[in-house]
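Notes follow the structure.
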There are 2 protein chains.
Amino acid sequence: MTTEQIKYNDMSVKPSGMVDHLSDAQWAKVAPLLTQHMHYPPSEVISRRGDLLDHSLLLLDGLIARSVPSGQRARNTFVALQFPGEFVDLHAFPLKRLDHDVVTLADTRVAIVAHEPLRELLNGDVELARKLWLMTLVDASIHRHWVMRNSAMRALARVANFLSEFDARMSAAFGMERQSLPFSLRQTDIADATGLTSVHVSRTLRELREHGCCTVAGGKLLIHDRKELHKVGMFEAAYLYVPQSEMAP
Amino acid sequence: MTTEQIKYNDMSVKPSGMVDHLSDAQWAKVAPLLTQHMHYPPSEVISRRGDLLDHSLLLLDGLIARSVPSGQRARNTFVALQFPGEFVDLHAFPLKRLDHDVVTLADTRVAIVAHEPLRELLNGDVELARKLWLMTLVDASIHRHWVMRNSAMRALARVANFLSEFDARMSAAFGMERQSLPFSLRQTDIADATGLTSVHVSRTLRELREHGCCTVAGGKLLIHDRKELHKVGMFEAAYLYVPQSEMAP
DNA sequence: CGGACCTTTGAACCCCGTCAAGGAATGTGG
DNA sequence: CCACATTCCTTGACGGGGTTCAAAGGTCCG
């Protein structure tokens, strides 16, 4: 394993994104559990399907996919993506056994939360426990959207919707919308996430580019016309349950 | 609304299925909250996307789909199915706002759990709260499997896998495996759940029948060769997290 | 400058969708 | 008990969106 272990002391600043569902006071309780950090290069398998976990991960920076062996395709299938400020596998806290691999898709930093101290913390704070529950339920809502997207949308709309979601969740992580986003996914990764082949993803991205929606190139996602991208992808962000305090002017 | 309201007194017997994740003592605490029952005919919309719920449902008997407006298909898309002994929309307890419709697919009986008394119960019982959390996480695991199935499997395997899941979850609800199962889904429902057209579902079911796997007809699912059905559908039940006490000899 | 990896493009194919018509099952009213 | 409607299932013919196979072109980095 080519991982590297570092100690940070300062988690006092609450990251943007999903953890913003927590109040400042709640974050102040969770932060002390995040003493141990790890750093991984891209395409690294952090945990494997079937593993019994005694800890979960908070994604600080980078990008992570949850991946399962694919039914009848050559490569694996991505069943979820996690962005900075999101818990990667908090469901392992009640569930323990993992039903998917956890794989990095970029240079990635995570903070480790051991389940034992987390259990003690949550035993004494019902509200906080409910917030963490809620955050896993947002994951489930996103899963449901992925089922719809990969079952009922054509390639062009499917990829446009996927990129719209990427934009929205990345914006939540940044705390603002951007015209240019870091985009470490290869076209084969987009294929794994959308249930298409990388060949057809290539063709579809060209189409989106020629429509003037967006360009994926050089590790960047350039949004030319967000409104048009959303329209092509029939994108409505409600299912992401982005915290209120986010995205304020 | 053609629903009918009944009062039951006896919920002392714990149903089989998903709620079997609860211990008898835990069930004894939950049961008193289930005083109000409802009965619905098939194809009835119980709750709608966007609704703010102050209660959740425990499915006692029948079958329920969670349905979303479809991207580019004529009909809706099913993002989940719920079987007897499962909570239908427990995620609405922390999340409140529903992101999908709740629709009956059979003659259906449910018990209503108001969120307010549930909140008070869970405030005083951390272990029980964690069990309910776990049950929503099993839903999420099933969502992930649906993403894989509808993204990465061919029609024949996809339908075989779907029917295998139906068999497994129905078996959990009955507490035993059966050769013949009540099956109230129409072929258009199978299509909505698998992302195929009903025409192709018809062809696929014929193929499964001719392979000697199973027959769907007359409101019944007949399993001729469960092992072969699982093989064709590449079915492995781990993602269902069926409770241990279930399925014992 | 050479090699590994990713992207792009072309051509052929096929799985599944679409359209259309007929058939079976069930229910309803006269 | 039959005419008729309704709903669902089945089958055929055809077309197309996406896959597969193959090869060439970029790009990055050692």
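No experiment lies behind these values; they were computed from the predicted model shown. All values below were derived from every heavy atom in this structure, side-chain atoms included, with hydrogens, water molecules and symmetry-related copies excluded.
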Rounded to whole angstrom units, what separation is found between the CG atom of B:Asn150 and the P atom of C:dG17?
11 Å
Whole-Å gap separating P (C:dC15) and CG (B:Leu156):
12 Å
Treat primed atoms plus P, OP1 and OP2 as sugar-phosphate and everything else as base, then score nucleotides 3-11 of chain C 5' to 3': B for base contact with protein heavy atoms under 4.0 Å, S for sugar-phosphate contact only, - for none.
---SSBBBB
How long is the line joining CZ of A:Arg154 and C1' of C:dC15, in whole Å?
13 Å
Length of the CG-C1' vector between A:Leu196 and C:dC15, whole Å
15 Å
Remember a base hit wins even if backbone is also touched, and classify A:Gly219 as base, sugar-phosphate or nothing at under 4.0 Å, heavy atoms.
nothing
Kindly indicate, with the supporting measurements, whether the criterion side chain to side chain donor-acceptor pair (under 3.5 Å) is fulfilled by B:Ser70 and B:Thr77.
CA-CA 5 Å; B:Ser70 196; B:Thr77 299; 2.9 Å; yes
Are B:Arg169 and B:Glu165 within salt-bridge range, i.e. N to O under 4.0 Å?
yes
Using atom CD of B:Glu210 as one end and atom P of D:dT10 as the other, report the distance to the nearest whole Å.
11 Å
Using whole Å, report how far NE2 of B:His200 lies from P of D:dA13.
17 Å
From CD of A:Glu207 over to P of D:dG18, roughly how many Å is that when rounded to an integer?
9 Å
Centroid-centroid under 6.0 Å between B:His100 and B:His91 rings
yes
Is it true that B:Thr108 and B:His39 share a donor-acceptor pair across their side chains at a distance under 3.5 Å?
no
Judged by each residue's nearest nucleotide on DNA chain D, which is more toward the 5′ side, A:Gln72 or A:Gly218?
A:Gln72
Which of parallel (below 30°), tilted (30 to 60°) and perpendicular (above 60°) describes B:Phe162 and B:Phe166?
tilted
Could A:Asp99 and B:Arg144 be called an ion pair, given the rule that one side-chain N must be under 4.0 Å from one carboxylate O?
yes
